[in-house]
Amino acid sequence: MLRKIQLPLQTLNLIVGFMIWVLISSLLPFIKEDIAIPDNQLALVTAIPVILGSILRVPLGYYANQFGARKIFLISFVLLLFPVYYISIANSLADLLVGGLFLGIGGAVFSVGVTSLPKYYPKEKHGFVNGIYGAGNLGTAISAFAAPVVATKLGWSTTVQFYLIILGVFILANFLLGDKQETKVKTPLLEQIKGVYKNEKLWLLSLFYFITFGSFVAFTIYLPNFLVANFGLEKVDAGFRTAGFIVIATLMRPIGGWLADRFHSLILLMFVFGVYTVSAMILSFAPSIGWYTFGCLTIALCAGIGNGVIFKLVPMYFSKQAGIVNGIVSAMGGLGGFFPPLILTLLFNLTGHYAIGFMALSEVALASLILVVWMYFQGKMSLANEVLNHTAEGIMITDTNGKIISVNPAFTKITGFEAAEAIGKNPNILKSNKQAKSFYEDLWHSIETNGYWQGEIWNSRKDGEEYLQWLTISAVKNDAGEVVQYAGMFSDISNLKKKKA
């Protein structure tokens, strides 16, 4: 029974964590009425929770494997009681920065669930399950929507203290309902890091999540104050609009995971970054509130789908190191939310507009699109290589001059020639003396006429033993119809012939 409720419980945990993570940015229009915050420090105040929320994701993902999600969520929520209370009595910029830093624990709990929940489900459901869990992003929408409404009536300090009650409820819920029997993974941290840090897929996935989740976080913490300052909206209206952005991104996350379970994940990411590129370009032209809304909501759509797809890819590429990889990738996503608000503010102070910042997002999205396309075709090539390396038939590729340029392991097993001994040589190193010259003339005539030859042929191994092959030679042509290579595939049928005899 406890196993069945882990998905809803951990998803609710994430909602609470994210509600707290964006607490300051949701209430900043109210807080700055009581606490003097210089304009050039506003972005820092909203971005500071992202620092710890990103860095802690790596150890929390690791320790979730070591000790189970129940203990990590419990400890995290107990620790959050202190900064939440501290912020509720804050009366200076320093208080907000110190308290805000430790609010980052709320964002760091993300890596706990994405590490824990796949243990309860088969691989074909991992995308959808992580998408459902990732819908805990909704916590940012709840704070963006509800916190300003409550603060309008009761004040921002009392609103913050309500979060202490919510934390208390979920500390109790995790203590009673968390799974004490969760499967643990005891691989040492350094061993896991050594196993993944040289893998380029780790850093490519980190870049992609840096953009998709990073933009989600950046827009979430930046929009409430930006919409008030740039478009003159009311504080509650700005909160509603920010909540709309968050809701769309959140709802699309499980849909992205569901799609990734059914379609090629990299093709979905091509769509995501293609639309990202166009949407960020729209925002760079400093549009009206209508076009700005369109651009933001389109980015929300893509961010949600992209977030769901990426955490389908992590367990596919890193099944044994999922904990540490989830932590690293999600940490990079969190950092992706830290830098944009600061950069946008800096560029605005220098240029008087945000165009360059949004154009930079467009260019980074375009670069990511190119990298996804590269990963897609590299994956196809890797699959082809796996087939070649594990097939039982010997394979030999030659250029048009008759020089061997590639062989597979089965070639060595059948002929006795290592790859280094065969590459650069002519295939006649395999030739026996059992076929007449006319046999080879007919063979090549068939290849030139039909594009291939297939049949039995006697060849020699490295040790001089002659054996019977079943051989297929095909001419490999380019798009212009010109022969660029020849591919031979063969198997040893000597024993088969003996059995039939």
Side-chain angles (χ1 to χ4, degrees), residues 123 195 198-201 264 316-320 374-501:
K123 286 185 177 181
K198 290 184 179 179
N199 191 325
E200 75 276 1
K201 290 184 177 64
H264 200 299
M316 280 177 56
Y317 291 137
F318 303 95
S319 58
K320 294 182 179 179
W374 174 79
M375 282 183 70
Y376 176 76
F377 286 104
Q378 187 199 45
K380 282 194 166 187
M381 291 175 64
S382 297
L383 180 60
N385 287 334
E386 286 296 309
V387 172
L388 290 176
N389 289 334
H390 291 90
T391 185
E393 287 77 20
I395 296 175
M396 173 178 63
I397 311 295
T398 74
D399 61 21
T400 54
N401 295 319
K403 298 297 182 183
I404 300 173
I405 58 176
S406 178
V407 297
N408 72 337
F411 172 94
T412 299
K413 185 176 181 181
I414 294 172
T415 68
F417 286 96
E418 297 290 339
E421 296 174 306
I423 293 174
K425 302 293 195 309
N426 191 285
N428 62 18
I429 61 173
L430 306 174
K431 189 176 180 180
S432 73
N433 295 315
K434 288 197 172 187
Q435 276 88 210
K437 182 179 179 182
S438 59
F439 174 87
Y440 294 103
E441 290 175 349
D442 291 341
L443 181 153
W444 283 106
H445 177 72
S446 174
I447 294 173
E448 291 171 1
T449 304
N450 303 316
Y452 72 95
W453 178 88
Q454 188 176 66
E456 295 180 358
I457 184 172
W458 284 93
N459 270 332
S460 296
R461 306 188 205 275
K462 181 181 177 181
D463 61 8
E465 177 192 359
E466 293 182 337
Y467 67 103
L468 188 62
Q469 281 185 1
W470 179 261
L471 173 64
T472 301
I473 301 177
S474 303
V476 181
K477 299 180 180 181
N478 61 16
D479 293 339
E482 301 169 334
V483 176
V484 291
Q485 291 173 347
Y486 294 99
M489 178 179 288
F490 59 90
S491 56
D492 182 352
I493 60 172
S494 301
N495 292 332
L496 182 62
K497 283 289 184 180
K498 289 177 182 178
K499 288 180 181 178
K500 287 184 177 179

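On a predicted model such as this, the values are computed, not experimentally measured, just so you know.
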Could you measure the distance from the [atom1] atom of [X] to the [atom2] atom of [Y]? Nearest 0.5 Å is fine.
{"X": "F411", "Y": "I423", "atom1": "CZ", "atom2": "CD1", "value": "9.0 Å"}
{"X": "L468", "Y": "S491", "atom1": "CG", "atom2": "OG", "value": "9.0 Å"}
{"X": "M489", "Y": "N408", "atom1": "CE", "atom2": "CG", "value": "8.0 Å"}
{"X": "L430", "Y": "K462", "atom1": "CG", "atom2": "NZ", "value": "12.0 Å"}
{"X": "T415", "Y": "M396", "atom1": "OG1", "atom2": "CE", "value": "9.0 Å"}
{"X": "E456", "Y": "W470", "atom1": "CD", "atom2": "CH2", "value": "6.0 Å"}

Considering all heavy atoms of both residues, which atom of [X] and which atom of [Y] are nearest to each other, and what is their separation?
{"X": "V407", "Y": "A422", "value": "CG1-CB, 4.4 Å"}
{"X": "E418", "Y": "E421", "value": "N-OE1, 2.8 Å"}
{"X": "S460", "Y": "E466", "value": "OG-CG, 3.5 Å"}
{"X": "I473", "Y": "L443", "value": "CD1-CD2, 4.0 Å"}
{"X": "W453", "Y": "L471", "value": "CZ3-O, 3.6 Å"}
{"X": "G402", "Y": "P427", "value": "O-CD, 3.0 Å"}

Report yes or no: does [X] contribute a side-chain atom to a donor-acceptor pair with the main-chain N or O of [Y] at less than 3.5 Å?
{"X": "T472", "Y": "Q454", "answer": "no"}
{"X": "T412", "Y": "F417", "answer": "yes"}
{"X": "S432", "Y": "W458", "answer": "yes"}
{"X": "S446", "Y": "Y452", "answer": "yes"}
{"X": "N426", "Y": "N428", "answer": "yes"}

For [X], look at atom [atom1] and say whether over 12 heavy atoms of other residues, nucleotides or ligands are found less than 6.0 Å away.
{"X": "K413", "atom1": "NZ", "answer": "no"}
{"X": "N433", "atom1": "CG", "answer": "no"}
{"X": "H264", "atom1": "NE2", "answer": "yes"}

Mind checking ring-ring contact (aromatic ring centres under 6.0 Å, His included) for W444 and listing every partner two or more places apart, or none if nothing turns up?
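Scan of W444 (ring-ring contact (aromatic ring centres under 6.0 Å, His included), adjacent residues dropped) gives Y486.
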Using the rule given for side chain to side chain contact (heavy atoms under 4.5 Å, CB included), can you reason through R461 versus I414, listing the C-alpha separation, both sets of side-chain angles and the distance that settles it, and then say yes or no?
CA-CA 7 Å; R461 306 188 205 275; I414 294 172; 4.0 Å; yes
Cationic tip of K431 above Y440 ring, under 6.0 Å, 45° of axis:
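Because its charged atom sits under 6.0 Å from the ring centre and within 45° of the axis, K431 does stack over Y440.
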